[in-house]
2 protein chains.
Amino acid sequence: MASRKQVAEKAGVSVATVSYVLNDKPGVSDAVREKVRSAIDELGYKPSYAARALKTKKTNCLSVFVNYIGDPFEAGLLNTMEHRARELGYFIYFHTYQQEEEEDFRHYFAGRIDGLLLLGQSLKEETLRSLAAEGIPVISVMEPVRAEGLTAYIDIDWEAAMAAGISHLKTQGHRNIGFMANGGQEHPHERRTQAFLAVMKREGLPVNEGTLLYGEGRLEQAQEAMLRYIKDGMPGGHSAFMTASDLMAAGMLAACREARVPVPGKLAIVGCEDIMMTLHTTPAITVLHYPRPEIAALAVERMVGHLNGKPAASTRLESSLIVRDSSRLL
Amino acid sequence: MASRKQVAEKAGVSVATVSYVLNDKPGVSDAVREKVRSAIDELGYKPSYAARALKTKKTNCLSVFVNYIGDPFEAGLLNTMEHRARELGYFIYFHTYQQEEEEDFRHYFAGRIDGLLLLGQSLKEETLRSLAAEGIPVISVMEPVRAEGLTAYIDIDWEAAMAAGISHLKTQGHRNIGFMANGGQEHPHERRTQAFLAVMKREGLPVNEGTLLYGEGRLEQAQEAMLRYIKDGMPGGHSAFMTASDLMAAGMLAACREARVPVPGKLAIVGCEDIMMTLHTTPAITVLHYPRPEIAALAVERMVGHLNGKPAASTRLESSLIVRDSSRLL
DNA sequence: TTGTATGCGTTATCAA
DNA sequence: TTGATAACGCATACAA
């Protein structure tokens with residue numbers, strides 16, 4: 001790789017001048033600018049990001065912790081994040097996050113990225129502290145269960161969203177509503193489960209141990225869990241189910257079809273993300289709409305803003321209920 | 001961030017000594033090593049990767065071009081790649097690749113990564129040249145349609161795989177076999193389509209314009225394409241279909257169920273990747289097994305080997321046919 | 001076994 | 001409008 005010095009020599013100028021034209025500084029004569037440009041082209045010169053990062057202490061890189069690369073909900077967020085980041089001049093990468101590996105990650109970022117974006121993960125306090133010490137801000141799309149050390153998060157108002165779903169189901173005559181949850185206390189989906197339970201209680205609807213079913217966030221596992229539940233004679237006696245993710249709603253639906261449980265006749269199903277798939281199942285699945293493009297873009301913008309000195313605030317956007325056939329009796 | 005100099009001062013040694021213990025060089029007394037270690041801990045010192053990269057001209061980072069983050073087939077590859085890379089001491093990132101953005105990417109890598117991994121994309125010759133000039137090797141899991149400038153690729157032998165599938169279908173009495181293809185000449189799936197056509201010809205089975213159907217690689221689009229084909233009265237007269245991806249096979253199956261076309265009774269379906277989903281559809285889908293963990297790990301190993309001076313060779317692994325209900329008449 | 005000194009490719013300050 | 005030159009944090013050849 002050609003370096004700046006070689007460019008300077010070839011163009012017959014100093015390295016400083018090369019820098020000026022590369023960074024579009026004013027005060028360089030057109031003639032010199034041209035000379036430098038052509039020297040750059042001829043040598044195929046590219047600036048070294050490593051050197052630049054060392055000097056400026058900015059990498060123009062952002063990282064994102066992804067829970068599972070194949071998840072369509074996350075994919076929708078990531079696409080927008082990637083494009084928005086690129087528009088704002090940032091290079092963005094994705095890594096799979098697994099709790100067991102959190103400590104390994106602590107030493108990975110110094111001098112590699114300017115900021116870390118989360119998809120709802122609850123990082124350990126020590127990780128957050130360590131990141132803060134390195135000057136790496138953390139912003140989350142989706143509110144983590146613990147959010148203390150965080151710079152900001154962007155999410156929807158899950159209680160309002162669940163309330164809309166539950167109220168819709170009530171209108172359809174349901175009272176005994178179950179929920180397919182996912183993961184433990186620190187899981188990104190836990191907020192959804194807690195919101196559901198809070199609203200149920202507030203509405204005076206029955207909540208007990210049988211209310212929660214556990215899928216594993218993936219379609220197939222949810223399908224199996226539901227199949228087992230059906231084979232056990234649906235001990236909860238639910239007439240409707242909400243879920244912590246659309247993929248699990250789709251798995252539920254697949255289980256119902258397999259076990260010949262009519263949806264919505266015998267069981268209504270409501271998902272909560274509005275991934276494209278929910279529109280294409282039979283019946284199409286009623287969902288709480290999660291405005292992924294808006295939220296993903298906002299998270300990136302807040303991060304970039306924060307890196308440029310603008311304080312970043314947490315925000316809860318509104319979601320909306322989209323009623324489809326999986327919960328419509330009439 | 002504390003720097004190496006501060007660590008040296010605190011420990012009462014020189015910066016060189018700090019370097020020695022950080023890089024586990026021999027020839028440092030245990031007493032000094034201990035002193036340095038505790039100074040590091042107290043200051044919370046982390047080495048700057050930017051500075052290290054500048055000096056060593058190695059970033060210990062690898063990039064992967066992903067076609068679509070939500071794709072379950074690619075997700076399976078990425079998981080293994082990420083873990084294998086981490087085991088080998090490399091930090092790995094994923095980026096979405098879109099052909100339109102290829103030129104933008106050309107200037108992104110110098111001084112940021114040591115190598116680029118592809119998932120079957122056919123990069124433009126100029127991109128490959130530019131990468132080569134920067135000393136960035138390119139290895140692909142899945143053989144690209146154009147593979148000239150590539151360091152190596154790892155893939156299965158698609159002709160052998162397709163031959164196994166076609167021969168299985170022949171055994172079941174099929175002759176008029178269609179194929180759901182995806183994308184154009186440069187698409188990662190094009191090799192699969194070409195292999196299918198080659199084997200069909202070799203076997204003396206009918207190939208004409210009607211043989212190919214086009215999904216868009218995604219389940220929903222394949223479903224819609226198939227639905228249209230069925231509504232048109234299945235003009236190709238096929239009794240079986242193979243596909244360029246499992247997701248499209250699943251979409252086909254969904255369309256058949258929707259349109260009440262019995263599978264495998266009226267139409268046999270064979271996928272080609274063996275993603276988990278194919279095991280959970282009804283009926284389960286016959287597939288050509290793509291050994292994703294092996295291939296993904298091998299690609300990373302070849303890359304790391306190459307970076308350490310071992311020449312990397314291209315390899316075609318064997319695949320196997322897994323017969324399930326979607327193609328079994330008996 | 002440890003320290004000194006140099007350079008990696010930038011950016012930025014200060015002179016010219 | 002341009003040019004010297006000093007950092008940035010690290011690795012390493014060489015000296016001690």
Side-chain angles (χ1 to χ4, degrees), chain A residues 1-37 39-40 43-61 107-114 133-135, chain B residues 1-37 39-40 43-61 89 107-114 133-136:
Chain A
M1 274 305 294
S3 82
R4 186 152 303 188
K5 194 148 77 171
Q6 296 170 47
V7 175
E9 275 165 22
K10 177 145 206 146
V13 299
S14 75
V15 282
T17 306
V18 179
S19 259
Y20 296 146
V21 353
L22 272 163
N23 299 331
D24 281 321
K25 299 271 182 201
V28 180
S29 71
D30 287 357
V32 171
R33 192 180 299 275
E34 245 341 288
K35 259 198 309 190
V36 171
R37 286 254 164 79
I40 288 175
L43 291 171
Y45 165 79
K46 309 253 177 65
S48 157
Y49 287 100
R52 188 174 281 182
L54 175 59
K55 185 64 187 168
T56 61
K57 300 186 172 310
K58 309 236 106 266
T59 59
N60 279 292
C61 293
H107 313 287
Y108 263 59
F109 291 130
R112 296 223 238 231
I113 61 166
D114 296 338
E134 296 169 28
Chain B
M1 274 306 292
S3 80
R4 183 152 305 192
K5 194 147 74 170
Q6 298 169 48
V7 174
E9 276 166 22
K10 176 145 207 142
V13 299
S14 75
V15 284
T17 307
V18 180
S19 257
Y20 297 146
V21 353
L22 272 162
N23 298 331
D24 282 318
K25 298 275 180 202
V28 180
S29 71
D30 286 357
V32 171
R33 193 180 297 273
E34 246 340 288
K35 261 198 306 190
V36 172
R37 285 256 164 80
I40 287 174
L43 291 171
Y45 165 80
K46 311 253 178 63
S48 157
Y49 287 100
R52 189 173 279 181
L54 175 60
K55 183 65 188 171
T56 61
K57 299 183 172 311
K58 310 236 104 266
T59 60
N60 280 290
C61 292
H107 313 288
Y108 262 60
F109 291 130
R112 294 223 240 233
I113 61 166
D114 296 338
E134 295 169 29
I136 297 178

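For the pair B:Arg4 and D:dA11, the criterion of a side-chain N or O lying under 4.0 Å from OP1 or OP2 is met. Phosphate contact (OP1/OP2 of D:dG3, side-chain N/O of A:Thr17, threshold under 4.0 Å): present. Contact annotation: A:Ser19 does not reach the phosphate of C:dT10 (side-chain N/O to OP1 or OP2, under 4.0 Å). Close to D:dT2, at under 4.0 Å from its OP1 or OP2, lies a side-chain N or O of A:Ser29.
Nucleotide D:dT1 holds its P atom 12 Å from the OH atom of A:Tyr20, rounded to whole Å. Taking atom NZ on B:Lys5 and atom C1' on C:dT6, their separation rounds to 15 Å, with Å as the unit. In this entry the distance linking CG of B:Asp24 with P of D:dA11 reads 12 Å, nearest Å. Between A:Lys58 atom NZ and C:dG9 atom P the separation is 23 Å, expressed in whole Å. Between A:Arg112 atom CZ and D:dC10 atom C1' there is a gap of 14 Å when expressed in whole angstrom units.
One distance of note links CD of B:Glu9 with CG of B:Leu43; it measures 10.0 Å at 0.5 Å rounding.
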For residues 15-30 of chain A, which side-chain N or O atoms pair as donor and acceptor with protein atoms under 3.5 Å away, sequence neighbours left out?
residue: A:Thr17; atom: OG1; partner: A:Ser14; partner atom: OG; Å: 3.2
residue: A:Ser19; atom: OG; partner: A:Arg4; partner atom: NH1; Å: 2.5
residue: A:Ser29; atom: OG; partner: A:Val32; partner atom: N; Å: 3.4

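Distance from the side chain of B:Ser3 is smallest for D:dG9 among the nucleotides D:dT12, C:dG3, D:dG9.
Proximity of a side-chain donor or acceptor of A:Arg112 to a complementary backbone N or O of B:Thr59 within less than 3.5 Å is detected. Of the possible donor and acceptor atoms, none in the side chain of B:Asp114 sits under 3.5 Å from a partner among the backbone N and O of B:Lys58.
No side-chain heavy atom of B:Gln6 sits under 4.5 Å from any side-chain heavy atom of B:Tyr45.
Listed by residue number, A:Leu54, A:Lys55, A:Lys57 are the residues of residues 44-57 of chain A with a heavy-atom contact under 4.0 Å to DNA chain D.
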